[in-house]
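Residue numbers run from 1 in the order of the sequence given. Just so you know, ligand 1 is whichever comes first in the structure, and atom 1 is the first atom listed for that ligand.
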Amino acid sequence: MARKKIALIGAGNIGGTLAHLIGLKELGDVVMFDVFGGVAAGKALDIMQSSPVDGFDSHMTGGSDYAAIAGADVVIVTAGFPRMPGMSRDDLLTKNAGVMGQVAEGIKQHAPDAFVICITNPLDVMVWALQQKSGLPANKVVGMAGVLDSARFRTFLAEEFKVSVEDVTAFVLGGHGDTMVPLTRYSTVAGIPVPDLIKMGWTTQERIDAIVNRTANGGGEIVKLLEKGSAFYAPAASAVAMAESYLKDKKRVLPCAVMLNGEYGMNDFYVGVPVVIGAGGVEKIVEVEFTGDEKAAFDKSCDAVKKLVSDFKALGV
Ligand code: TXD
């Protein structure tokens, strides 16, 4: 069977890390694309030159011609601009809106059958714009945010409970912003829900509330520390997990930004919910029952996303 082909639109901090992780996991050949000079070609060549050392076979090229992505099985989009200190994800809307139009055109022309994973912020509206402008089926265009937010939540919970991250599961829904909804009821250590762990004396509600808050502000915490740019190792690892589930038909159940058509009572916009990702792309949207408080938090997060979409539409790009 021929090797899979993964196209990376954007060869910056996340794009370069994506290429390296894809190589190490030997998921397929890589084509990197960027508008900025030789950065795509340079990173592709550099990472390919690490392949004899780490023992993986992946042909990697880079350039600024969309024709090179022809026939890609997966396209991962990071093209755009990251946050700087003091900037919100929403502040990126205008800058990255125009970029999505260009990327959508490139994918529509050269890789219309690909599974597209969007990372560019503000994520929930950028992935919606990418799907609307590319015309690809909604089940083949998803946004990466929930896997990252859940990974941050899992990291903090594992530290709190002093257990392996492998045994911590977490559920984060809603928009990729400060209104995201970490669901402690469905987050567990080895299947034991967090509320039970509070009753068992493993932690307190106050400490869990602080962890939920730190998760919701996880991106901003790193932007403040880095001063230039935003997180890229965990975002890249999260997107690769989604790509791998598609390429290997793993049927992972992952929180992703997907188009809702009636699920959770919502229509015609993207927001983070648990989905099954397999060879068919988004194969199932998992609808969990919400408590009153959870529904209120989810609806508030959806309202924030809907406002971003209407702001995007007002740009007229
Ligand atoms: O969870 C999430 N979804 C977020 C997403 C997690 C972290 C970062 N998030 C966002 O991803 C971030 O706010 C940015 O919007 C993207 C990419 O972040 P990255 O850190 O990789 O940004 P870089 O290093 O600036 O890389 C962006 C590249 C850069 O090389 C530009 O030259 C290129 O994008 N770029 C373009 N490529 C193609 N086409 C166009 N028009 C273009 N414009 C810029």
Side-chain angles (χ1 to χ4, degrees), residues 7-21 31-44 62-66 68-69 75-85 87-107 116-130 133 142-153 172 174-178 180 215-223 225-242 254-257 270-272 305 308 317:
L8 306 179
I9 313 297
N13 284 339
I14 300 179
T17 309
L18 285 168
H20 194 198
L21 290 172
V31 174
M32 300 182 80
F33 175 99
D34 203 295
V35 291
F36 183 68
V39 69
K43 289 191 179 180
S64 52
D65 178 0
Y66 271 110
I69 76 167
V75 179
I76 306 178
V77 180
T78 61
F81 302 91
R83 284 195 280 166
M84 295 300 169
M87 276 178 85
S88 73
R89 291 183 181 91
D90 300 359
D91 292 337
L92 290 172
L93 180 67
T94 312
K95 284 184 85 169
N96 290 339
V99 174
M100 283 309 105
Q102 296 170 22
V103 176
E105 195 50 43
I107 295 171
V116 178
I117 300 168
C118 182
I119 297 181
T120 303
N121 264 331
L123 186 270
D124 304 285
V125 63
M126 291 295 117
V127 62
W128 173 85
L130 200 57
K133 291 173 177 292
V142 295
M144 187 299 289
V147 177
L148 170 65
D149 295 329
S150 299
R152 287 171 170 160
F153 194 25
V172 178
H176 182 50
D178 305 346
M180 70 176 77
T215 302
N217 295 289
E221 180 180 359
I222 292 182
V223 166
L225 288 166
L226 294 182
E227 294 188 6
K228 185 188 178 312
S230 48
F232 51 97
Y233 293 110
S238 301
V240 169
M242 294 164 66
L254 296 170
C256 303
Y270 275 74
V271 75
V305 173
L308 269 180
V317 288

In residues 32-43, what donor-acceptor pairs under 3.5 Å come from side-chain atoms, sequence neighbours left out?
| residue | atom | partner | partner atom | Å |
| --- | --- | --- | --- | --- |
| Asp34 | OD1 | Phe36 | N | 2.8 |
| Asp34 | OD2 | Ala11 | N | 2.7 |
| Lys43 | NZ | Ala11 | O | 3.0 |
| Lys43 | NZ | Gly12 | O | 2.9 |

Main-chain N/O of [Y] paired with [X] side-chain donor or acceptor, under 3.5 Å:
X	Y	answer
Thr120	Ala79	yes
Ser230	Pro82	no
Asn96	Asn121	yes
Asp149	Thr215	no

Can you confirm, on distance only, whether ligand 1 has an N/O atom lying under 3.5 Å from any N/O atom belonging to [X]?
X	result
Thr120	no
Gly80	yes
Tyr66	no

Given that the side chain starts at C-beta and the backbone is N, CA, C, O, which of these parts of [X] lies under 4.0 Å from ligand 1, counting heavy atoms, or is it both or neither?
X	answer
Ala79	both
Asn96	side chain
Met144	both
Leu92	side chain

May I ask you to list the atoms of ligand 1 that are less than 4.0 angstrom from any heavy atom of [X]?
X	answer
Phe36	32 (O)
Ala231	7 (C), 8 (C)
Pro235	6 (C), 7 (C)

Among [options], which one has a heavy atom closest to [atom]?
atom	options	result
atom 40 (C) of ligand 1	Asn13, Thr17, Leu148, Val35	Val35
atom 19 (P) of ligand 1	Val127, Leu8, Ile14	Ile14
atom 5 (C) of ligand 1	Thr78, Ile119, Val99	Ile119
atom 25 (O) of ligand 1	Ala236, Gly12, Gly98, Pro82	Pro82

From [X] [atom1] over to [Y] [atom2], what is the distance, rounded to the nearest 0.5 angstrom?
X	Y	atom1	atom2	answer
Cys256	Ile117	SG	CD1	8.0 Å
Gln102	Tyr66	CD	OH	6.5 Å
Met180	Arg152	CE	CZ	7.0 Å
Lys228	Asn13	NZ	CG	7.0 Å
Ile119	Ile14	CD1	CD1	5.0 Å
Leu93	Met126	CG	CE	5.0 Å

**Message:** Quick check on Phe81 - does any of its heavy atoms sit under 4.0 Å from an atom of ligand 1?
**Reply:** yes

**Message:** Quick check on Ser230 - does any of its heavy atoms sit under 4.0 Å from an atom of ligand 1?
**Reply:** yes

Which residue and non-hydrogen atom of the protein lie closest to [atom], and at what distance in Å?
atom	value
atom 1 (O) of ligand 1	His176 NE2, 3.1 Å
atom 31 (C) of ligand 1	Asp34 OD1, 3.5 Å
atom 41 (N) of ligand 1	Gln102 OE1, 2.8 Å
atom 4 (C) of ligand 1	Asn121 ND2, 3.5 Å

**Complete:** Note: Ile69 and Gly106 closest approach over all heavy atoms is CD1-O, 4.0 Å

